Visitor: 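Take this structure first; my questions come after.
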2 protein chains.
Amino acid sequence: MITVVIVEDVKEIREGLQLLIDGSEGFSCRQVFSNAEEAIEKLPDIYPDVVLMDINLPGINGIEAVRKLKNQCRKTQFIMSTVYEDDESIFESLKAGASGYLLKKTAPVKILDSITEVYNGGSPMSSQIARKVIASFQQKNTIDESELLTQREKEILKSLAKGLRYKEIAAELNIGLETVRTHTRNIYEKLQVQSRTEAINKIMRQ
Amino acid sequence: MITVVIVEDVKEIREGLQLLIDGSEGFSCRQVFSNAEEAIEKLPDIYPDVVLMDINLPGINGIEAVRKLKNQCRKTQFIMSTVYEDDESIFESLKAGASGYLLKKTAPVKILDSITEVYNGGSPMSSQIARKVIASFQQKNTIDESELLTQREKEILKSLAKGLRYKEIAAELNIGLETVRTHTRNIYEKLQVQSRTEAINKIMRQ
DNA sequence: TGCACAATCCCTAAAAAAGGGGATATATGA
DNA sequence: TCATATATCCCCTTTTTTAGGGATTGTGCA
């Protein structure tokens, strides 16, 4: 029996979901909330297996709610529910701690499938959304592959990012300490930064 | 017509895939390679829609191959193929530029589906793998909330991570340089690291 | 009240990193 | 052939960070 809580401000949708879940074998809707504030207060006591969380809620939105709740309800899985496939919302929700994502137009049977999947350690999402998610990974490493830096410089930078000292890098790459320093200076100049940490931030963030 | 290239070192699998793709309507296998080196050299000229890339190749592995090729073949989509669901390989492949992931035991029909999906802008992967992928997003925000460090120490650490110098942090937080140094030492001890970069790595990764 | 802990500051010293100046060899392409 | 880029190394100096040793003020808790 998978216990579920629904957080959704639109009455019709909320009650529709509740009927669907309570009417299906193996699922039990423990409670419904129409706003995030109330859910944040009471959810830790209910501690359900799965929460269907609307993103666009009045007041505190669903993403913030997940951020707050995921810390207290570590084992509860959150599935975000929204009308549009908005990249930024998806990404922020996942970062906040959500495990999955549902469009409101999704067929009832698919909703139950998704709940079960999340409960069993999966993360249901369309392959379109999956692509967007991994796209945001890949962006991070595009500057790493930048034309700016030579192959050797990239190697040095990678080691710098690992926190290795100059002499450790020198040993690892079998080159002299001075060579490492020279490369480092060139890297800093190309990236327009003044320190190791700035360089790492620059290649990590964008 | 979706053009496909296969990179796979095991002869039986390679030829099996080729037969499958050439024998299916709407698909055309332009070329097969048994190693990454040859693929890296010749793929840019073929410029196929989709590449099925084995991860475990002799010499240069599939992940490195994707890393090199994705820069030159921006529009080509890479699907990694492997025997085991290895987290690290998955993650590295996606970072390297792959769009999807297939297990070798996958049924032939599903393979064709995946190729089509990737071609159409999706990213086929099991919901189990999707969970692993988003898990690596989420980890970043957990140690930031660590019990280990005091509020002040977290603030200092955040500034350290931004690459600010001690005196800049001191100015920002309106405290003395020595105070920043003391906090930093305490942070390093608590995190069991010896340098700024190590500390940043520790809180970023886990 | 006394103790632990957090936050603040000070001193000395060594290690590491950054900023500047060069140099050489090798390959690449105009 | 000459210019350019890359990778390698060496010298110098200054700044920054790390590593010890302390000390003082609050605050909260037993």
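Proteins get letters first, then strands, A, B, ... in listed order; numbering begins at 1 in each. Note that these values count all heavy atoms, side chains included, but never hydrogens, waters or copies made by symmetry. For clarity, every value in this text was computed on a predicted model and none was experimentally measured.
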Visitor: Which residues pass the side-chain hydrogen bond (donor to acceptor under 3.5 Å, both in side chains) test with A:Thr106, sequence neighbours left out?
Guide: none

Visitor: Please list each protein N or O that sits under 3.5 Å from an N or O in nucleotides 15-17 of chain C, with the distance.
Guide:
| unit_1 | atom_1 | unit_2 | atom_2 | d |
| --- | --- | --- | --- | --- |
| C:dA16 | OP1 | A:Lys167 | NZ | 3.4 |
| C:dA16 | OP2 | A:Lys167 | NZ | 3.2 |
| C:dA17 | OP1 | A:Arg196 | NH2 | 2.7 |
| C:dA17 | OP2 | A:Tyr166 | N | 3.1 |

Visitor: Please say which of A:Lys190, A:His183, A:Lys158 ends up in a side-chain hydrogen bond (donor to acceptor under 3.5 Å, both in side chains) with A:Glu153.
Guide: A:Lys190

Visitor: Identify each donor-acceptor pair in which a side-chain atom of residues 7-17 of chain B lies under 3.5 Å from a protein atom, sequence neighbours left out, and give them as a table.
Guide:
| unit_1 | atom_1 | unit_2 | atom_2 | d |
| --- | --- | --- | --- | --- |
| B:Glu8 | OE1 | B:Lys104 | NZ | 3.2 |
| B:Glu8 | OE2 | B:Val10 | N | 3.1 |
| B:Glu8 | OE2 | B:Lys104 | NZ | 3.4 |
| B:Arg14 | NH1 | B:Glu8 | O | 2.9 |
| B:Arg14 | NH1 | B:Asp9 | O | 3.3 |

Visitor: Backbone N or O of A:Thr76 within a donor-acceptor pair of the A:Lys70 side chain at under 3.5 Å?
Guide: yes

Visitor: From C-beta outward on A:Glu178, which listed nucleotide comes closest to its side chain: D:dA19, D:dC9, D:dA7?
Guide: D:dC9

Visitor: Quick check on D:dA7: is either OP1 or OP2 less than 4.0 Å from any side-chain nitrogen or oxygen of A:Thr179?
Guide: no

Visitor: Quick check on D:dA7: is either OP1 or OP2 less than 4.0 Å from any side-chain nitrogen or oxygen of A:Thr150?
Guide: yes

Visitor: Pick out the pairs of N or O atoms, protein on one side and nucleotides 23-30 of chain C on the other, that lie under 3.5 Å.
Guide:
none

Visitor: Applying salt bridge (Lys or Arg N to Asp or Glu O under 4.0 Å), which residue pairs with at least one partner in residues 106-120 of chain B are found, sequence neighbours left out?
Guide: none

Visitor: Would you jot down, in residue-number order, the residues of residues 170-177 of chain A having a non-hydrogen atom under 4.0 Å from DNA chain D?
Guide: A:Ile175, A:Gly176

Visitor: With no hydrogens and no angle check, is any side-chain donor or acceptor of B:Asn201 less than 3.5 Å from a backbone partner on A:Ala161?
Guide: yes

Visitor: Are B:Glu168 and B:Lys162 within salt-bridge range, i.e. N to O under 4.0 Å?
Guide: no

Visitor: Could you work out, with salt bridge (charged side-chain N to carboxylate O under 4.0 Å, His left out) as the rule, every residue matching B:Arg181, not counting sequence neighbours?
Guide: B:Glu178

Visitor: Could you check which of C:dA7, C:dC10, D:dC10 has an atom nearest any side-chain atom of B:Arg152?
Guide: C:dA7

Visitor: Does B:Lys167 have any salt bridge (charged side-chain N to carboxylate O under 4.0 Å, His left out) partners at least two apart in sequence or in another chain, and if so, which?
Guide: none

Visitor: How many whole angstroms separate atom CD1 of A:Ile169 from atom P of D:dT8?
Guide: 13 Å

Visitor: Counting side-chain heavy atoms from C-beta on, which of C:dT8, D:dG21, D:dC10 comes nearest to B:Arg185?
Guide: D:dG21

Visitor: Test of understanding: with side chain to side chain contact (heavy atoms under 4.5 Å, CB included), list the residues that count as partners of A:Ala170, not counting sequence neighbours.
Guide: A:Val180

Visitor: In whole angstrom, give the distance that lies between atom CG of B:Asn186 and atom P of C:dA6.
Guide: 9 Å

Visitor: Donor-acceptor pair, A:Tyr119 side chain versus A:Gln77 backbone, under 3.5 Å?
Guide: no

Visitor: Grab the CD-P distance between B:Glu153 and C:dT8 for me, whole Å please.
Guide: 10 Å

Visitor: Would you please name every residue forming a side chain to side chain contact (heavy atoms under 4.5 Å, CB included) with A:Thr3, sequence neighbours left out?
Guide: A:Arg30, A:Pro48, A:Asp49

Visitor: Report for the helix from C:dT1-D:dA30 to C:dA30-D:dT1: angle between first-end and last-end helix axes, five pairs each, rounded to 10 degrees.
Guide: 40°

Visitor: Between P on C:dA6 and CD on B:Glu189, what's the gap in Å once rounded to a whole number?
Guide: 12 Å

Visitor: Who are the side chain to side chain contact (heavy atoms under 4.5 Å, CB included) partners of B:Pro108, not counting sequence neighbours?
Guide: B:Leu20

